[in-house]
Visitor: 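Here's a structure for you.
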Amino acid sequence: MPVLGFGVYQIPPGQTDKAVADALAAGYRSFDTAAAYGNEEAVGRAIRTSGIPRDDLFITTKLWAQDHPAESNTRRAFDSSLRKLGLAHVDLYLMHQPFRDVHGQWRAMQDIYREGKAKAIGVSNFHTDRLVDLIEHNEVVPAVNQIEMHPFHQRSADQRVMAEHRVQIESWAPLAEGRNGLFTHPILKGVSKAHGKSVAQVVLRWLIQRGAVVIPKSVRAERMAENLDVFDFELTDDQLAQLAALDTGSSLFLNHRDPVVTSRLGSYRVPE
């Protein structure tokens with residue numbers, strides 16, 4: 001799995017073809033979408049139009065929480081995603097939310113994995129208690145857990161547990177969508193100046209040095225190229241310590257342990 005990919009969350013379907021085409025032209029080969037994003041068809045179209053060999057690409061999509069019976073509904077949802085993408089397989093299939101019958105969903109995902117239609121399976125938004133429960137009561141260990149992870153919510157304890165269970169941590173919203181004044185933060189600006197890089201490049205480099213996979217999103221071609229250009233410098237121990245001090249320990253987006261959030265996400269249905 002490439003350590004740096006391209007996310008398409010919140011990119012409208014009508015803009016996704018161009019965004020993915022521009023990202024491919026910039027050099028991205030890993031793309032992250034989801035049934036809930038509504039743009040799987042556009043991602044698939046852009047991939048086919050590019051002419052880039054399928055084996056050179058790493059495609060991730062996600063399963064939304066399913067109604068009972070979870071196993072048959074998971075299979076139907078996966079087949080729908082595969083059809084929209086126009087692919088024979090995906091490289092990574094993630095359970096998008098830790099809600100409804102996660103064990104039933106995971107059993108179906110294990111079958112999909114064994115059949116080779118998903119080269120790897122994983123989860124998203126799982127806190128470590130739910131992750132360990134899933135691991136201990138099923139056969140296949142999730143390859144990835146994609147979670148909110150950025151300078152203001154660093155997830156160090158979560159990452160240690162994932163490492164113990166050989167689960168790769170992946171950051172969504174690596175740039176915190178610019179919240180908390182990320183792009184003008186004095187510490188981040190100071191580190192960026194020291195390296196002659198942008199704040200975004202510093203944050204992405206910091207996450208990669210921490211062992212995370214990152215999937216920044218942009219619809220601007222120049223930003224796409226900038227976000228890829230993070231492999232020619234390294235943060236010092238002192239700079240890493242400066243960034244560590246920014247952690248608030250709290251989500252800037254959604255607390256998946258909040259009953260209101262649980263109810264809202266658990267009751268949402270993704271149209272097929």
Side-chain angles (χ1 to χ4, degrees), residues 1 3 5 7 9 30 32-36 58 60-66 68 70-71 73-74 77-78 81 90-114 118-174 176 207-208 210-215 247-266 268 270:
M1 183 180 188
V3 72
Y9 175 55
S30 177
D32 179 276
T33 184
F58 190 99
T60 300
T61 194
K62 306 182 194 74
L63 168 77
W64 191 258
Q66 295 298 305
H68 180 78
E71 292 183 51
N73 284 335
T74 294
F78 175 76
S81 287
V90 294
D91 299 280
L92 178 62
Y93 193 45
L94 300 180
M95 192 185 306
H96 204 156
Q97 302 291 348
F99 303 130
R100 303 189 209 168
D101 181 6
V102 297
H103 290 276
Q105 293 170 162
W106 191 250
R107 284 191 294 271
M109 290 174 67
Q110 288 181 141
D111 289 341
I112 290 166
Y113 166 68
R114 293 187 185 104
K119 300 300 183 182
I121 54 175
V123 296
S124 181
N125 297 308
F126 273 58
H127 283 276
T128 51
D129 54 343
R130 301 299 303 277
L131 178 66
V132 170
D133 178 68
L134 191 73
I135 290 170
E136 291 185 347
H137 298 285
N138 289 282
E139 296 176 8
V140 179
V141 175
V144 169
N145 186 14
Q146 185 186 112
I147 60 174
E148 178 188 352
M149 183 187 187
H150 48 71
F152 306 118
H153 195 28
Q154 299 187 12
R155 314 300 290 269
S156 298
D158 302 70
Q159 188 171 7
R160 284 192 292 272
V161 173
M162 288 182 221
E164 290 171 6
H165 291 276
R166 298 175 181 267
V167 178
Q168 172 64 50
I169 192 167
E170 182 176 9
S171 162
W172 61 255
L207 284 162
I208 290 168
R210 285 192 57 194
V213 170
V214 292
I215 46 170
D247 192 13
T248 68
S250 299
S251 170
L252 296 186
F253 299 92
L254 290 171
N255 177 2
H256 284 77
R257 287 174 167 161
D258 181 338
V260 174
V261 171
T262 299
S263 179
R264 176 160 59 87
L265 293 179
Y268 178 68
V270 172

Visitor: Quick one: list whatever passes side-chain contact (heavy atoms from CB on, under 4.5 Å) with Glu136, sequence neighbours left out.
Guide: Val132
Visitor: Rounded at 0.5 Å granularity, tell me how far CG in Leu92 sits from CD in Gln146.
Guide: 8.0 Å
Visitor: Specify the closest pair of heavy atoms between Met149 and Ala212, including all atoms of both residues, with the distance to one decimal.
Guide: SD-CB, 3.9 Å
Visitor: Is it true that atom OH of Tyr9 has more than 12 heavy atoms of other residues, nucleotides or ligands lying nearer than 6.0 Å?
Guide: no
Visitor: Which atoms form the tightest heavy-atom contact between Asn125 and Pro98, and what is the distance?
Guide: O-CG, 3.4 Å
Visitor: Name every donor-acceptor pair, under 3.5 Å, that has one atom in a side chain of residues 258-265 and the other anywhere in the protein, sequence neighbours excluded.
Guide:
unit_1	atom_1	unit_2	atom_2	d
Asp258	OD1	Val260	N	2.9
Thr262	OG1	His256	O	3.4
Thr262	OG1	Asp258	O	3.1

Visitor: Among all residues two or more places apart in sequence or in another chain, which pass the ring pair (Phe, Tyr, Trp, His ring centres under 6.0 Å) test with Phe126?
Guide: none
Visitor: Kindly compute the distance separating CD (Gln97) from CD (Gln105), expressed to the nearest 0.5 Å.
Guide: 10.5 Å
Visitor: For a side-chain contact (heavy atoms from CB on, under 4.5 Å) check, start with the C-alpha distance between Asn138 and Arg107, then their side-chain angles and the critical distance, and finish with the verdict.
Guide: CA-CA 8 Å; Asn138 289 282; Arg107 284 191 294 271; 4.0 Å; yes
Visitor: Any ring-ring contact (aromatic ring centres under 6.0 Å, His included) involving residues 95-114? Give me the pairs, sequence neighbours left out, ordered by first then second residue.
Guide: Tyr37-His96, Trp64-His96
Visitor: Can you see which heavy atom on Gln159 is nearest to which on Arg210, and at what distance?
Guide: NE2-O, 2.6 Å
Visitor: Begin with the C-alpha distance, continue with both residues' side-chain angles, and end with the deciding distance and a verdict on side-chain contact (heavy atoms from CB on, under 4.5 Å) for Met1 and Asp91.
Guide: CA-CA 8 Å; Met1 183 180 188; Asp91 299 280; over 6 Å; no
Visitor: side-chain contact (heavy atoms from CB on, under 4.5 Å) with Lys62: which of Thr33, Val90, Val123, Leu94?
Guide: Leu94
Visitor: Can you name the nearest heavy-atom pair linking Ala120 to Ala143, along with the distance?
Guide: CB-CB, 4.2 Å
Visitor: Step by step, work out the side-chain contact (heavy atoms from CB on, under 4.5 Å) result for Arg166 and Val141.
Guide: CA-CA 8 Å; Arg166 298 175 181 267; Val141 175; 5.7 Å; no
Visitor: With a sphere of 6.0 Å drawn around NE2 of His137, does it hold more than 12 non-hydrogen atoms of other residues, nucleotides or ligands?
Guide: yes
Visitor: Taking only residues two or more places apart in sequence, or in another chain, which ones meet Glu148 in a side-chain contact (heavy atoms from CB on, under 4.5 Å)?
Guide: His150, His153, Arg155, Trp172, Ser251, Leu252, Phe253
Visitor: Do you know which two heavy atoms are closest between Val167 and Asn145, and how far apart they sit?
Guide: CG1-N, 3.6 Å
Visitor: Show your reasoning for whether side-chain contact (heavy atoms from CB on, under 4.5 Å) applies to Asn73 and Arg100.
Guide: CA-CA 12 Å; Asn73 284 335; Arg100 303 189 209 168; over 6 Å; no
Visitor: Could you report the tightest heavy-atom contact between Ala35 and Thr61, atom names first, then the distance?
Guide: N-OG1, 3.8 Å
Visitor: Considering residues at least two apart in sequence or located in another chain, which fulfil the salt bridge (Lys or Arg N to Asp or Glu O under 4.0 Å) criterion with Arg130?
Guide: none
